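Start at 1 and go down the list; that is how both ligands and their atoms are numbered. Note that the structure is a prediction, hence the values are computed from the model and not measured.
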Amino acid sequence: MKRNILLNPGPATTSQSVKEAQVVPDICPREKEFGDLMQEVALGLTRVVADEKEYDTVLFGGSGTAAVEAVLSSVVPPTGTVFVVNNGAYGNRMCEILDAYHISYVEMKSSPFEPLDLQKLDTLLAEHKEHFHITHLAVIHSETTSGLLNDVAAIGEIARRHEIELIVDAMSSYGAIPIRMNEMGITYLVSSSNKNLQGMAGISFVVANKKALLATAELPKRNYYLHLYSQYIYLKEHNQLRFTPPVQTFYALRQALRELEEETVLGRYQRYTANWETLLEGLYSLQLTTLVDRDCQSHIITTIAYPDRAGFDFDEMHDYLYERGYTIYPGKVSDTATFRIANIGDLKPSDIKGFLGALKEYLESL
Ligand SMILES: *Cc1c(COP(=O)(O)O)cnc(C)c1O
């Protein structure tokens with residue numbers, strides 16, 4: 001099979017074995033065998049970030065946003081308010097979800113290119129607590145729009161001190177950046193199958209503190225399909241998902257989890273970091289500039305300013321690279337014109353070097 005190099009921030013490049021794992025005999029997902037597979041996957045997903053005695057994973061068919069929406073819509077009591085840290089398009093998306101459900105929230109805006117002011121977060125939380133019943137703090141771990149990494153451990157410490165639950169969108173950090181939910185004070189963590197897990201698109205999940213999750217059973221429901229507790233308890237009690245799961249994607253995810261267990265999260269982090277260092281070195285040697293300080297980058301995705309060259313055109317560059325098997329991605333939040341390169345997936349530094357060679361050719365063709 002042709003091997004495309006995806007440098008977009010997910011779905012990421014998958015291994016041949018993950019692709020092949022999807023080709024299985026047809027099976028009804030209500031069969032015990034398939035229920036067992038989903039429970040195995042849920043357990044594996046929990047273990048990547050937490051101890052299964054205290055945490056469990058809720059699975060949904062859907063892209064990552066489905067699980068973000070499931071948590072935000074299902075865990076906040078009617079009188080509660082969410083404090084959202086918004087430092088990029090994904091933080092903004094959490095606000096849009098809360099708006100859609102008419103759930104009360106306050107927002108702390110911060111630049112997607114500069115580290116979050118933790119002192120200010122602490123002060124703002126204290127201030128808002130005087131006017132609102134703040135029950136949750138919601139934050140993005142790796143803000144994929146810029147490549148900025150929020151210091152979740154420090155944020156978790158603040159949440160703990162204020163006695164509020166922490167919701168983390170770890171879509172583009174899970175599987176690549178070591179996370180321990182308990183130590184970091186995280187109650188709910190969200191991710192999906194197709195980023196650093198290197199599986200196929202179609203499954204999103206929430207790793208939840210069991211005690212907190214069970215306590216949400218009593219809350220009035222705001223929705224049906226994405227209701228977190230209902231989805232959780234149904235799989236536990238019936239060994240099935242409530243609705244048709246993406247069957248073949250689950251087989252691929254089981255394989256992807258096995259490959260992650262073999263490589264380990266730390267090993268994957270080191271490989272991604274080697275990819276990222278190769279990328280930065282190459283970009284700088286082409287006189288390109290990046291937007292986030294090296295120290296607070298996630299090592300997962302890099303925002304790059306458009307080169308200052310006559311004749312440069314992003315779409316032309318995209319097409320030039322695409323024809324050569326490299327898929328790149330436009331920028332998302334910035335006043336400056338940017339594009340982004342993700343270095344996740346089943347990629348090695350040699351793949352990044354191949355990309356840099358093609359990029360150099362394009363720039364020289366201008
Ligand atoms: C990719 C991503 C999402 C979810 O995107 P989907 O297109 O719904 O899979 C959410 N948050 C972050 C930080 C992401 O990187």
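- For ligand 1, the atoms sitting less than 4.0 Å from at least one non-hydrogen atom of Ser142 are 13 (C), numbered in the order shown with element in parentheses.
- Residue Arg93 holds the heavy atom nearest to atom 5 (O) of ligand 1 of all those in Met171, Glu69, Arg93.
- When only non-hydrogen protein atoms are considered, atom 6 (P) of ligand 1 lies nearest to Ser63 OG, 3.4 Å.
- No side-chain donor-acceptor contact under 3.5 Å links Glu143 and Asn150.
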If you apply the rule salt bridge (Lys or Arg N to Asp or Glu O under 4.0 Å), what do you find for Arg93 with Asp169, and how did you get there? CA-CA 11 Å; Arg93 185 176 293 178; Asp169 171 347; over 6 Å; no
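- A donor-acceptor pair is defined here as one N or O able to donate and one able to accept, closer than 3.5 Å; such a pair exists between the side chain of Gln22 and the backbone of Lys19.
- Heavy atoms of Ser204 found under 4.0 angstrom from ligand 1: none, in either backbone or side chain.
- Of the protein's non-hydrogen atoms, Thr65 OG1, 3.6 Å is the one closest to atom 4 (C) of ligand 1.
- Of all atoms in ligand 1, listed by their number and element, those nearer than 4.0 Å to a heavy atom of Ile140 are 13 (C).
- In terms of protein heavy-atom proximity, atom 1 (C) of ligand 1 is closest to Lys195 NZ, 1.4 Å.
- Looking from atom 13 (C) of ligand 1 to the surrounding protein, the closest heavy atom is Thr144 OG1, 3.3 Å.
- Between Ser204 and Ser191, every side-chain heavy-atom pair lies at or beyond the 4.5 Å cut-off.
- Below 3.5 Å of separation, one finds an N or O of Gly64 facing an N or O of ligand 1.
- Residue-level proximity to ligand 1 for Glu143 is absent, since no heavy atom of it falls below 4.0 angstrom.
- Salt bridge absent: Glu54 and Lys211 never bring a charged side-chain N and a carboxylate O closer than 4.0 Å.
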Show me the donor-acceptor pairs within less than 3.5 Å that the side chains of residues 354-364 make with the rest of the protein, sequence neighbours left out.
from	atom 1	to	atom 2	distance (Å)
Lys360	NZ	Glu364	OE2	3.3
Glu361	OE1	Tyr320	OH	3.0
Tyr362	OH	Asp313	N	3.4
Tyr362	OH	Asp313	O	3.4

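- Ligand 1 lies out of reach of His141, whose nearest heavy atom is not under 4.0 Å from it.
- In terms of polar-atom proximity, defined here as any N/O pair under 3.5 Å, Asp169 does make such a contact with ligand 1.
- Below 4.0 Å from some heavy atom of Ser172 lie the following atoms of ligand 1, by number and element: 15 (O).
- For Lys53, the salt bridge (charged side-chain N to carboxylate O under 4.0 Å, His left out) partners two or more places apart in sequence, or in a different chain, are Asp51.
- One finds a salt bridge joining Glu40 and Arg258 here, because a Lys/Arg side-chain nitrogen approaches an Asp/Glu carboxylate oxygen to under 4.0 Å.
- Between the side chains of Asp56 and Tyr232, a donor-acceptor pair is found at a separation under 3.5 Å.
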